[in-house]
Structure formats: C-alpha cells, structure tokens
Amino acid sequence: MELIQNTPDISAYLAACAVIDHGHPLVRSTAATLAADAPDAYAYAKAAFIFVRDAIPHSADADDPRVTWRASDVLALRTGICYAKAHALAALLRAGGIPAALCYQKLDTVHGLVALRLPDTHRWVRQDPRGNKPGVDAQFRLDREQLAYPVRTECNELDYPVLFAEPHPVVLQCLREAVDRSHLWQTLPIDL
C-alpha cells in the first residue's frame, strides 16, 4: 500500500499542535531520557516505540476509565487508547526530529497508529504502539509491518492510506467529548 501525505510539506509532520504537544516539558524530558541511550535516529525511534507500547498501558487492557488525548497527558497519566498512544508516540518522534504522521485502519471501529520517516529510509513506515497482549504482537520493524491488527479484507476491514499531520477531526472529537472510557466506547468512530 502506498502511504499518502495529506499535506506535501514534510515540516507539518514535525510541527507541534494542541494534541501533539512535543514542546511540553514532560514530552521533552521523556524524549531526552530515551535519546540518552540512542546512538542514532533508528535507535531513538525504536526506543520511543517500545516505551509507548510497553510503559503506557492501553486503557482497555488495564481497565482504566480515564480518557487521554493530548500527548503530554498520556505520558503524565500513563494511560490511553490506541489514538492517544499514537499521539504520544508521534510527539516523542517529533521531539527527536523524526517526522511522524497519524494513520488509521478501519476494523470494527477505527484504529489509530503512527507512520514515521527515518532520515536514511526516505519512506514512511507504519508502527502500532497499541500495546501487546495475548493475540496482539506489534513490533518495531522497517523491513515489513508487524501491526497489532492485520487487516482482514474478507471482514470489510481496510487500511486508510492517508497520513495526517494532526489527528483526524472525528477521532479527536470523540476523545475530547468522552466523559470516561465507557462513554468513549459508545462513541468510537466506525469510519472516517
């Protein structure tokens, strides 16, 4: 699948916004900690991915009722669903100077993940920081995708090819309006 930037300017995928707030002190300090042991962009990207995937539980897996949407809040509260964890990873990547995009899959609901573009690859590669559990084994790979949920076309699932510099408005709206995770589950988008 060819991934398509929704804006041609690569600097949009390095920019901060209200959601991907990589100028926030907590995002900056987390990025600095991860960068301390990373000799290059690849090692940093992998460390950021593993940190978000493993150190921040998916709120459904942890039965955490809190809803987060801003990257700094995900890092502070250590919880989030796929979208929120993608926002946190995008912020950490951008803080490290690595272009990061938000992208989505249509499963039973819309699932959020990240695409990154390392300097030496000159191509976008999707990564899924959702968090592993039995039956889910997402890994950081550049040679091929190993996402949490491979798309099953026979079930009308699909990969959206568009790479967004900011969260899709439908996704952001459901996160911001959710009172708690139970409410969020009732309002998750089923399509973009």
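As the structure is a computational prediction, the values presented were derived from the model and not from experiment. Reckoned from all heavy atoms, side chains included, excluding hydrogens, waters and symmetry mates. Along the sequence shown, residues carry numbers from 1.
Distance check, rounded to the nearest 0.5 Å: CG of Asp73 to CZ of Arg78 gives 13.5 Å. Between the NE2 atom of His111 and the CG atom of Leu188 there is a distance of 12.0 Å, given to the nearest 0.5 Å. A distance of 10.0 Å separates CG of Asp108 from CD1 of Ile190, quoted to the nearest 0.5 Å. The structure places CZ of Arg117 at 11.0 Å from CG of Leu3, a figure rounded to the nearest 0.5 Å. Note: Ile20 CD1 to Leu14 CG = 10.5 Å, rounded to the nearest 0.5 Å. Note: Asp40 CG to Lys46 NZ = 11.0 Å, rounded to the nearest 0.5 Å.
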Check: residues 156-166 side-chain donor-acceptor pairs under 3.5 Å, at least two apart:
residue: Glu157; atom: OE1; partner: Arg152; partner atom: N; Å: 2.8
residue: Glu157; atom: OE1; partner: Arg152; partner atom: NE; Å: 3.2
residue: Glu157; atom: OE2; partner: Arg152; partner atom: NE; Å: 3.3
residue: Glu157; atom: OE2; partner: Arg152; partner atom: NH2; Å: 2.5
residue: Asp159; atom: OD1; partner: Gln105; partner atom: NE2; Å: 3.0
residue: Asp159; atom: OD1; partner: Arg126; partner atom: NH1; Å: 3.0
residue: Asp159; atom: OD1; partner: Arg126; partner atom: NH2; Å: 3.2
residue: Asp159; atom: OD2; partner: Arg126; partner atom: NH2; Å: 3.4
residue: Tyr160; atom: OH; partner: Asp191; partner atom: OD1; Å: 2.3
residue: Tyr160; atom: OH; partner: Leu192; partner atom: N; Å: 3.2

Indicate every side-chain donor-acceptor pair of residues 167-176 with a distance under 3.5 Å to a residue at least two apart or in another chain.
residue: His168; atom: ND1; partner: Val170; partner atom: N; Å: 3.1
residue: Gln173; atom: NE2; partner: Glu177; partner atom: OE2; Å: 3.2

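Residues Thr68 and Ala84 come closest through the heavy atom pair O-CB, 3.3 Å. The two residues Ala48 and Leu34 have their closest heavy-atom pair at CA-CD1, 3.8 Å. Nearest heavy-atom pair, Ala41 versus Pro119, reported as atom, atom and distance to 0.1 Å: CB-CD, 3.9 Å. Closest approach of Ile98 to Ala45, counting heavy atoms only: CD1-CB, 3.9 Å. For the residue pair Ala115 and Cys103, the shortest heavy atom distance occurs at N-SG, 3.8 Å. Heavy-atom minimum distance, Ala43 versus Pro39: CB-CD, 3.6 Å.
At distances below 3.5 Å, not a single donor-acceptor pair connects side-chain atoms of Ser59 with backbone N or O atoms of Thr79. Checking side-chain atoms of Gln127 against main-chain N and O of Phe49 turns up no donor-acceptor pair under 3.5 Å. Arg53 contributes a side-chain N or O that, together with a main-chain N or O of Ala138, makes up a donor-acceptor pair within less than 3.5 Å. Side-chain atoms of His58 never come within 3.5 Å of backbone atoms of Ile81 as a donor-acceptor pair (strictly under, hydrogens ignored).
Under the 4.5 Å side-chain heavy-atom criterion for grouping Ile, Leu, Val, Met, Phe, Trp and Tyr, Leu89 is not connected to Trp124 through any hydrophobic cluster. The cluster map of Ile, Leu, Val, Met, Phe, Trp and Tyr, joined by side-chain heavy atoms under 4.5 Å apart, puts Val125 and Leu118 in the same cluster. Taking hydrophobic clusters as Ile, Leu, Val, Met, Phe, Trp and Tyr residues chained together by side-chain heavy-atom distances below 4.5 Å, Leu147 does not share a cluster with Ile50. A continuous path of ILVMFWY side-chain contacts below 4.5 Å connects Leu26 to Leu93, so both sit in one hydrophobic cluster.
Two residues are said to be in side-chain contact when any heavy atoms from C-beta on lie closer than 4.5 Å; Asp137 and Gln146 meet this criterion. Side chains of Leu92 and Val27 form a contact here, defined as non-hydrogen atoms less than 4.5 Å apart. Within the 4.5 Å cutoff, no side-chain heavy atoms of Leu113 are placed close to those of Tyr83. Proximity of Arg181 to Arg66: side-chain heavy atoms (C-beta onward) are nowhere separated by under 4.5 Å. A 4.5 Å side-chain heavy-atom check between Asp61 and Arg130 finds at least one atom pair inside the cut-off. Taking the side chain as every heavy atom from C-beta outward, Leu116 and Phe140 approach each other to under 4.5 Å. Using a 4.5 Å cut-off on side-chain heavy atoms (C-beta onward), Tyr104 and Leu102 make contact.
Counting heavy atoms of neighbouring residues, nucleotides and ligands inside a 6.0 Å radius, atom NZ of Lys106 exceeds 12 of them. Crowding of Glu2 atom CD: a count of heavy atoms from other residues, nucleotides or ligands under 6.0 Å not exceeding 12.
The stretch residues 20-37 participates, sequence neighbours left out, in these side chain to side chain donor-acceptor pair (under 3.5 Å) pairs: Asp21-Ser72.
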Side chain to side chain contact (heavy atoms under 4.5 Å, CB included) evaluation trace for Asn132 with Gln139:
CA-CA 9 Å; Asn132 290 339; Gln139 298 296 325; 3.7 Å; yes

Could you give me the CA-CA distance, side-chain angles and deciding distance for Asn6 and Tyr13, then say whether side-chain hydrogen bond (donor to acceptor under 3.5 Å, both in side chains) is met?
CA-CA 10 Å; Asn6 77 328; Tyr13 299 95; 3.0 Å; yes

With side-chain hydrogen bond (donor to acceptor under 3.5 Å, both in side chains) as the criterion, how do Asp9 and Thr7 come out once you've worked through the C-alpha distance, each side chain's angles and the decisive distance to 0.1 Å?
CA-CA 6 Å; Asp9 186 358; Thr7 181; over 6 Å; no

Show, in sequence, the C-alpha distance, side-chain angles and deciding distance for Thr109 and Leu107, and conclude whether the side chain to side chain contact (heavy atoms under 4.5 Å, CB included) test is met.
CA-CA 5 Å; Thr109 60; Leu107 306 172; 5.7 Å; no

